[in-house]
Each structure stands twice: as structure tokens, then as C-alpha cells.
Amino acid sequence: MEIIGYSERGLINSLFYEIKYSNNNLKILNELLSLACFPYRKVDFQITEAKILIEQSFSDFGDADVVFMLNNNGNKQTIFIEAKVKTFQGDWSILKEFEKFSKGMAKSDPPKGFSSNLFVQLYLKMRLIKALKLGGIEELKKGLQFPKSLLKKNRKTHDRNTLRKIGNNEVVLKATEQLVPYCTDTLFVVLVPDNKQTLNNFFQNKLKNYKFNEVLEWNVENWGYISWEDVENFCYKNGLKETLTTFRFNNGQIYEKTQ
């Protein structure tokens with residue numbers, strides 16, 4: 001039997017299931033997370049326990065591609081990973097995505113699909129975590145105010161004046177409650193098709209000092225990045241054959257190879 005997934009969702013599922021069922025899975029996970037670069041703080045990984053949620057919904061705060069709840073060197077830690085791919089005929093880049101974000105945040109009615117923007121999704125998770133730390137799950141049930149560009153539409157009136165809330169879905173609430181003991185130290189990582197040099201330039205020259213008037217509680221000090229190219233090389237190094245098969249099947253759909 002052969003199972004091959006499509007695009008980033010297929011790769012993420014393959015990667016983490018293959019790691020789970022590998023010998024020395026924590027060692028391999030440590031190595032994978034150590035690929036992440038955090039330009040604004042020092043992060044070391046010495047993971048002894050890990051719980052991983054894939055495609056977990058957080059209701060009005062978006063879905064998370066991957067959520068880690070870790071015991072990292074005796075400290076509890078959360079990591080959100082948001083993934084994007086180039087797509088076969090696309091020209092995705094982190095700079096273009098950020099420009100769409102900065103322009104969209106200045107509008108009261110941003111373009112269709114704006115909520116799926118990489119930086120929107122990270123921003124929603126940042127606000128979720130901060131509210132969870134300050135007021136617990138009850139704070140998320142009451143709802144958070146967002147800039148005009150991210151106000152929710154009322155389904156009946158279509159007015160953009162609804163608070164973002166965690167809702168009442170029991171599985172969503174269960175996942176959110178599980179975050180509570182891990183959310184004191186939370187990292188936010190982009191997994192994207194740009195190469196490491198491009199990502200470093202973006203983080204150092206664009207993201208680091210960018211100021212928003214429209215974005216409440218904007219803070220990137222815990223942000224980091226991983227390139228898909230580094231993940232594929234990691235899979236070769238660790239003999240993750242199923243995930244390499246998925247990379248080959250999706251050739252041209254994930255990132256643009258230089259060689």
C-alpha cells in the first residue's frame with residue numbers, strides 16, 4: 001500500500017507521522033525544530049516530551065497547520081507553525097505576502113481570502129495566546145476586538161462588527177485548554193518556500209522594525225522561520241523515505257529548486 005498526500009497538508013502529515021513512528025523520534029524532532037532560525041532571541045531544543053496537533057481549529061482565531069506542546073529542557077513551551085507553498089504555477093514569496101498583509105490591514109474591507117494570509121494567521125494566534133495568558137479561556141469566550149480589517153462579518157446582517165471568540169466546539173475548547181500550561185513561552189514559525197538567505201534578509205531588514213498603526217499588540221520577538229528546502233534535506237539526512245516520496249510527487253508544488 002502507498003499513501004501520498006497533496007501539497008503542504010500532505011507533506012506535514014507525512015513528515016510528522018513518519019517522525020512519530022521512527023526510532024529515536026524525539027531525537028529526530030529535536031533536529032527538525034533546530035532547523036528553525038529565531039533572529040530576535042536564542043532558542044535551544046532539548047525536547048523530552050511532545051504533543052503535536054495538526055490542522056487544529058481555534059475557531060475565530062483560525063486553524064493552525066501544526067501546534068507543538070513541548071517539554072523543552074524542563075520548560076513547557078508552545079510552537080505554532082504556519083506553512084505556505086509556492087504552488088505549481090504560483091510565485092509566492094514572503095515579501096509579497098507581507099505586502100498584502102500590510103496593505104490589507106489598512107483597509108476596512110480587505111480583499112477576499114485575506115484571512116488566509118500567512119501573517120493574518122500568525123497574528124490571530126498571537127492574540128489568542130496573549131488573551132489565554134492574561135484571562136484564560138473565559139477571555140477568549142468573551143471575545144477580542146480586532147482592527148477593522150479583521151472584524152468578523154455578522155452572518156445575518158453582514159456587518160463587520162463581531163468580536164472574535166473561541167466558540168463552544170468541545171474539541172476546539174479541549175485543544176485550547178491543553179495549551180494553557182504551555183503558553184507562557186510561545187514561538188511562532190513560518191515554514192515557507194523562500195530560501196534561508198531570503199528569509200534572513202526579510203526578518204532582519206523588513207519585519208524587525210516594521211511599525212503598524214492598525215495592528216494591536218503586534219510583536220515579532222518570538223518569531224522564526226524554516227525553509228521547505230531545509231526540511232527536504234533533513235528528510236534525506238534522516239532517511240524519511242515516505243516524506244521524500246511525497247516531496248517527489250509534489251515536485252514544483254512546494255518550493256522552487258535552485259538545482
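Atoms considered below: every heavy atom in the structure, side chains included; atoms not considered: hydrogens, waters and symmetry mates.
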Enquirer: Just say parallel, tilted or perpendicular for the rings of F98 and W218, cut-offs at 30° and 60°.
Expert: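 Ring orientation of F98 relative to W218: tilted.
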Enquirer: Indicate, with yes or no, if L124 and F58 share a hydrophobic cluster defined by side-chain heavy-atom contacts under 4.5 Å among Ile, Leu, Val, Met, Phe, Trp and Tyr.
Expert: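 F58 and L124: one cluster.
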Enquirer: For N25 and S22, does a side-chain donor sit closer than 3.5 Å to a side-chain acceptor?
Expert: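 There is no such pair (donor and acceptor under 3.5 Å, judged by atom type) between the side chains of N25 and S22.
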Enquirer: Can you tell me if D60 uses its side chain to pair, donor with acceptor, with the backbone of I166 under 3.5 Å?
Expert: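 Pair absent, no side-chain N/O of D60 close to backbone of I166.
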Enquirer: Centre of F146's six-membered ring, under 6.0 Å away, within 45 degrees of the axis: is that where NZ or CZ of R127 sits?
Expert: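 Satisfied, under 6.0 Å and within 45°.
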Enquirer: Report the C-alpha distance between W228 and W92 in whole Å, list the side-chain angles of each, state the deciding distance to 0.1 Å, and finish with yes or no for ring-ring contact (aromatic ring centres under 6.0 Å, His included).
Expert: CA-CA 13 Å; W228 279 113; W92 194 98; over 10 Å; no
Enquirer: Would you tell me whether E229 and N195 have side-chain atoms, one donor and one acceptor, within less than 3.5 Å of each other?
Expert: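 Judged by distance alone, the side chains do not pair up.
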Enquirer: Show every salt bridge (Lys or Arg N to Asp or Glu O under 4.0 Å) that has at least one partner inside residues 23-35, sequence neighbours left out.
Expert: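 Listed by first then second residue: E31-K237.
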Enquirer: Take the angle between the ring planes of F119 and F202 and call it parallel below 30°, perpendicular above 60°, tilted in between.
Expert: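 F119 vs F202 ring planes: tilted.
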Enquirer: Determine whether the side chains of E18 and T243 contain a donor N or O and an acceptor N or O closer than 3.5 Å.
Expert: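 There is such a pair (donor and acceptor under 3.5 Å, judged by atom type) between the side chains of E18 and T243.
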Enquirer: Would E55 and R9 pass as an ion pair if we require N to O under 4.0 Å?
Expert: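 Yes, charged N to carboxylate O under 4.0 Å.
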Enquirer: Less than 4.0 Å between a side-chain N and a carboxylate O, is that true for K76 and D185?
Expert: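 K76 and D185: not salt-bridged.
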Enquirer: Within the distance-only criterion (no hydrogens, no angle test), does the side chain of Y40 pair as donor or acceptor with the backbone N or O of F203 below 3.5 angstrom?
Expert: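 Confirmed, Y40 side chain pairs with F203 backbone.
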Enquirer: Using a cut-off of 6.0 Å, state whether more than 12 heavy atoms not belonging to L216 lie near its atom CG.
Expert: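 Counting neighbours around CG of L216, more than 12 heavy atoms of other residues, nucleotides or ligands fall under 6.0 Å, so yes.
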Enquirer: Under a 4.0 Å threshold between the charged nitrogen and the carboxylate oxygen, would E177 count as salt-bridged to K174?
Expert: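 Looking at E177 together with K174, the answer is no, because their closest N to O distance does not fall below 4.0 Å.
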Enquirer: Start with the C-alpha distance between F212 and Y210, add both sets of side-chain angles, then the distance that settles ring-ring contact (aromatic ring centres under 6.0 Å, His included), and finish with yes or no.
Expert: CA-CA 7 Å; F212 282 104; Y210 199 92; 4.8 Å; yes
Enquirer: In this structure, which one of D65, I226, I81, L122 forms a side-chain contact (heavy atoms from CB on, under 4.5 Å) with V190?
Expert: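 Looking at D65, I226, I81, L122, the match for V190 under the side-chain contact (heavy atoms from CB on, under 4.5 Å) is L122.
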Enquirer: Are the aromatic rings of F16 and F68 close, with centres under 6.0 Å apart?
Expert: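 Yes, they do, as the ring centres are separated by less than 6.0 Å.
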Enquirer: Check side chain to side chain contact (heavy atoms under 4.5 Å, CB included) between F88 and all other residues, then give those that pass, not counting sequence neighbours.
Expert: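 If we apply the side chain to side chain contact (heavy atoms under 4.5 Å, CB included) test to F88, skipping adjacent residues, the hits are Q253.
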Enquirer: Flag the pair K208 / P39 as yes when at least one side-chain heavy-atom distance between them is below 4.5 Å, and no otherwise.
Expert: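 With C-beta onward as the side chain, the pair stays apart.
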Enquirer: For K125 and Q121, which I'm curious about, is there any donor-acceptor pair between the side chains at under 3.5 Å?
Expert: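 There is such a pair (donor and acceptor under 3.5 Å, judged by atom type) between the side chains of K125 and Q121.
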Enquirer: Let me know which of I129, L187, L53 forms a side-chain contact (heavy atoms from CB on, under 4.5 Å) with F80.
Expert: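 Single pass found, and it is I129.
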Enquirer: Got a salt bridge between K196 and D230, using NZ or NE/NH1/NH2 to carboxylate O under 4.0 Å?
Expert: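 D230 and K196: salt-bridged.
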Enquirer: Is any side-chain heavy atom of E232 less than 4.5 Å from a side-chain heavy atom of Y255?
Expert: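 Answer yes - side chains close enough.
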Enquirer: State yes or no: do L70 and V67 share one hydrophobic cluster built from I, L, V, M, F, W and Y residues joined by side-chain heavy-atom distances below 4.5 Å, directly or via other members?
Expert: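 No, L70 and V67 fall in different hydrophobic clusters.
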Enquirer: What about Y123 and L163, same hydrophobic cluster or not, with Ile/Leu/Val/Met/Phe/Trp/Tyr joined at side-chain heavy-atom distances under 4.5 Å?
Expert: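 As far as the 4.5 Å side-chain criterion goes, L163 and Y123 are not connected within one cluster.
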